[in-house]
Peer 1: 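Quick one: this structure, given as structure tokens, is what I'll be asking you about.
The chains referred to below are lettered A, B, ... by the order of the sequence lines, with proteins before strands, and numbering in each begins at 1.
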There are 2 protein chains.
Amino acid sequence: MKQRTTLKDVAKEAGVSVTMASRVLGNYGYFSEETKSKVLKAAEKLNYRPNIIARGLRVRETKAIGVIISDVLSFFFTTLVRGIEDVANQSGYSVILCNSDEDPKKERSYLSALYERGVDGLIVSPSTGNYSYLKKLSRGGMPLVLVDRKIRGLAVPTVIVDNEAGSYEAVNYLISSGHRRIGIITGLKGVMTSEERLAGYKRALKENGLPVDEKLIKEGDYRREKAKEAALEFLRMKNPPTALFVCNEPMTSGALLALREKKVKIPEQMAIIGFDDPVWAPLTEPALSTVSQPSYAMGTLACQTLLKEIRQTGCTKISPEDIILKPKLIIRESSGERP
Amino acid sequence: MKQRTTLKDVAKEAGVSVTMASRVLGNYGYFSEETKSKVLKAAEKLNYRPNIIARGLRVRETKAIGVIISDVLSFFFTTLVRGIEDVANQSGYSVILCNSDEDPKKERSYLSALYERGVDGLIVSPSTGNYSYLKKLSRGGMPLVLVDRKIRGLAVPTVIVDNEAGSYEAVNYLISSGHRRIGIITGLKGVMTSEERLAGYKRALKENGLPVDEKLIKEGDYRREKAKEAALEFLRMKNPPTALFVCNEPMTSGALLALREKKVKIPEQMAIIGFDDPVWAPLTEPALSTVSQPSYAMGTLACQTLLKEIRQTGCTKISPEDIILKPKLIIRESSGERP
DNA sequence: TTGTAAGCGTTATCAT
DNA sequence: ATGATAACGCTTACAA
């Protein structure tokens with residue numbers, strides 16, 4: 001790349017020292033009106049743009065934050081990322097985005113890369129497996145905010161949703177609509193949200209005096225394919241469930257695909273509620289009932305929290321509190337009518 | 001943030017000079033086996049990680065690329081971005097993502113920010129209005145690849161799809177199914193893809209001897225809301241079209257929402273084909289026919305091309321060729337059956 | 001008010 | 001094979 005204009009060039013053009021040029025452009029310290037105008041004119045003329053990398057080296061900040069999520073392709077994370085970026089960019093921070101695909105190795109390598117890049121902070125939706133490295137980073141002073149998923153024993157601000165409650169509400173709705181055999185396709189094993197959503201399912205059953213039938217619990221991995229398989233398996237059962245609760249959006253699309261393939265009538269033969277409320281939920285036939293997470297708000301909150309953390313580094317930290325948002329059950333048509 | 005371990009620390013620990021430590025860790029130049037093992041041991045012990053910002057200052061590269069698109073929230077760009085990131089990260093580059101929202105001011109400010117950040121290259125899906133600045137950047141030596149949208153007079157590699165052909169094929173299909181009045185909701189005015197998709201629509205009409213009726217052309221802005229309005233307007237016409245061609249995914253969801261609200265039977269009362277093939281296309285009722293763009297491949301290609309450009313900087317450049325991919329018409333149910 | 005010089009963490013040059 | 005030393009572009013004591 002062609003030689004950029006540097007402060008030195010500006011200083012020379014203006015006939016002042018590099019220091020003075022820096023002062024004027026950075027607008028700090030003392031300088032005369034005359035110097036100011038000379039420097040500004042020179043900067044303008046040479047089309048000077050500061051090199052924030054060089055500045056960063058000096059002041060030890062990069063004005064960049066790293067974001068690690070499992071996959072931008074899923075609606076929840078896309079929206080979350082958009083929220084993060086909007087806040088970050090408004091405050092002059094750039095966002096470096098990484099997809100871990102739930103792979104701890106990939107996640108680990110991104111964490112290292114972001115650390116080497118000297119990001120000022122990190123927003124992570126942790127997969128399973130790098131807890132100790134995350135702890136090390138955090139203790140080492142790296143501002144860190146977790147989002148969507150909490151890590152026990154890691155005292156950093158965490159923005160989550162009350163998964164258990166969301167799940168409970170959905171399943172409870174199905175039960176109150178008369179369903180007695182409700183299947184669930186769970187998320188990736190070992191991930192907090194999966195466990196919580198499953199827990200809400202179980203609690204709803206129990207509180208309504210229904211048995212927890214292990215055959216009605218199929219393990220998914222938060223991806224579409226496996227969920228489609230799981231749905232097909234449900235359909236092959238001699239005594240299939242009459243309703244399905246699916247724990248995230250990609251899996252819900254998989255389940256819907258399976259039902260459609262098998263020409264299962266929704267909600268008559270199979271009612272369904274999915275976690276996450278993508279734009280397309282009102283467009284399926286029948287329109288999909290969902291548990292909606294405030295994903296954009298989660299992004300903005302996470303980023304605001306991170307920026308606070310970054311400003312606070314060095315200060316004595318108050319022990320961080322989790323920010324827990326409420327998901328919302330949105331009843332459309334796929335869940336069937338209440339009798 | 002706590003003091004990071006630097007090369008100096010490693011050198012001291014190993015009892016060698018900083019230079020030697022750098023040589024071993026960077027694996028260049030000469031060093032003895034003994035030095036090597038001492039340095040490696042020290043680095044390991046102190047948990048040394050290079051500071052790529054500092055390195056970047058010295059070698060004038062940041063191993064980061066900037067990506068500016070209009071909005072990650074739309075399926076096409078989400079997938080494109082995923083393609084870019086996969087390639088970039090495999091090659092050790094980080095991706096800085098920015099959403100311009102089709103706003104030239106925002107785009108401009110991101111371009112500046114990325115330049116100041118010293119990114120090694122840029123992948124841009126340009127909105128309208130910063131052509132001259134982009135040209136300046138490119139002429140100034142910034143490796144640049146355009147994606148999805150071409151800029152006339154800017155000779156940089158561009159990865160696009162044959163929009164005109166995709167559009168032509170879709171509209172032609174509708175005509176051959178017996179439709180004579182076909183409405184179109186176009187994209188944002190001034191954007192290349194909008195014009196090309198409209199051109200394909202017009203050509204299909206003309207080649208089939210049908211008139212181009214301006215009342216059947218409604219201007220959208222690539223967003224959902226305005227497209228929904230446009231669809232409603234179509235429905236209010238005394239002589240509404242019998243088929244609709246909608247020029248991107250968010251707008252298609254808007255149109256579908258409108259049709260559903262008004263309980264319009266698809267495809268009987270209104271056939272519809274949308275540009276872009278999101279995951280949810282097979283899930284609507286009836287399943288949505290679409291023009292599918294290879295968005296992931298566009299992302300990987302764009303990034304591969306950019307990396308090539310980056311490696312070539314300085315060399316005499318061969319004049320770049322556009323990479324033009326073919327969109328694919330996917331017929332499902334919403335387009336109606338051929339008679 | 002202004003300028004000199006040191007330093008941020010690397011790598012490249014040049015002696016040794 | 002090794003190590004001073006300078007340089008990358010910027011900020012910031014400190015001195016003038």
Peer 1: Should the side chain of B:Arg55 and the base of C:dT10 be counted as holding a donor-acceptor pair, with the cut-off at 3.5 Å?
Peer 2: no
Peer 1: Looking at B:Ser17, does any N or O in its side chain come under 4.0 Å of the phosphate oxygens OP1/OP2 on D:dT2?
Peer 2: no
Peer 1: Identify each atom pair where a protein N or O and an N or O of nucleotides 13-16 of chain C are less than 3.5 Å apart, giving names and distance.
Peer 2:
none

Peer 1: In this structure, how many angstroms lie between the P atom of C:dG9 and the OH atom of B:Tyr48, rounded?
Peer 2: 10 Å
Peer 1: Between A:Val59 and B:Glu34, name the one whose nearest nucleotide on DNA chain D is closer to the 5' end.
Peer 2: B:Glu34
Peer 1: Please step through salt bridge (Lys or Arg N to Asp or Glu O under 4.0 Å) for the pair A:Asp71 and B:Arg82, ending with a clear verdict.
Peer 2: CA-CA 8 Å; A:Asp71 186 6; B:Arg82 190 58 159 95; 3.0 Å; yes
Peer 1: D:dT12, OP1 or OP2 - any side-chain N/O from A:Ser22 closer than 4.0 Å?
Peer 2: no
Peer 1: Does atom NZ (A:Lys12) have a neighbourhood of more than 12 heavy atoms from anything else shown, all under 6.0 Å?
Peer 2: no
Peer 1: So, does A:Ser32 get its side chain near the phosphate of C:dT2, meaning an N or O under 4.0 Å from OP1 or OP2?
Peer 2: yes
Peer 1: Can you tell me the distance, in whole Å, between the OH atom of B:Tyr115 and the P atom of D:dG9?
Peer 2: 11 Å
Peer 1: For the residue pair B:Tyr28 / B:Ser22, report whether a side-chain donor-acceptor contact shorter than 3.5 Å exists.
Peer 2: yes
Peer 1: When you get a sec, tell me which of D:dG9, D:dT11, D:dG3 is the closest nucleotide to the side chain of B:Val16?
Peer 2: D:dG3
Peer 1: With respect to the phosphate group of C:dT10, does any side-chain polar atom (N or O) of B:Arg60 fall under 4.0 Å of OP1 or OP2?
Peer 2: no
Peer 1: Can you tell which of C:dG3, D:dC10, D:dA1 lies closest to the side chain of A:Met20?
Peer 2: C:dG3
Peer 1: Which residue lies toward the 5' end of DNA chain D, A:Gly26 or B:Val18, if each is placed at its nearest nucleotide?
Peer 2: B:Val18
Peer 1: Among C:dG3, C:dC8, C:dA12, which nucleotide sits nearest the side chain of A:Arg58?
Peer 2: C:dC8
Peer 1: Is there a side-chain polar atom (N or O) of B:Tyr30 under 4.0 Å from OP1 or OP2 of D:dG3?
Peer 2: no
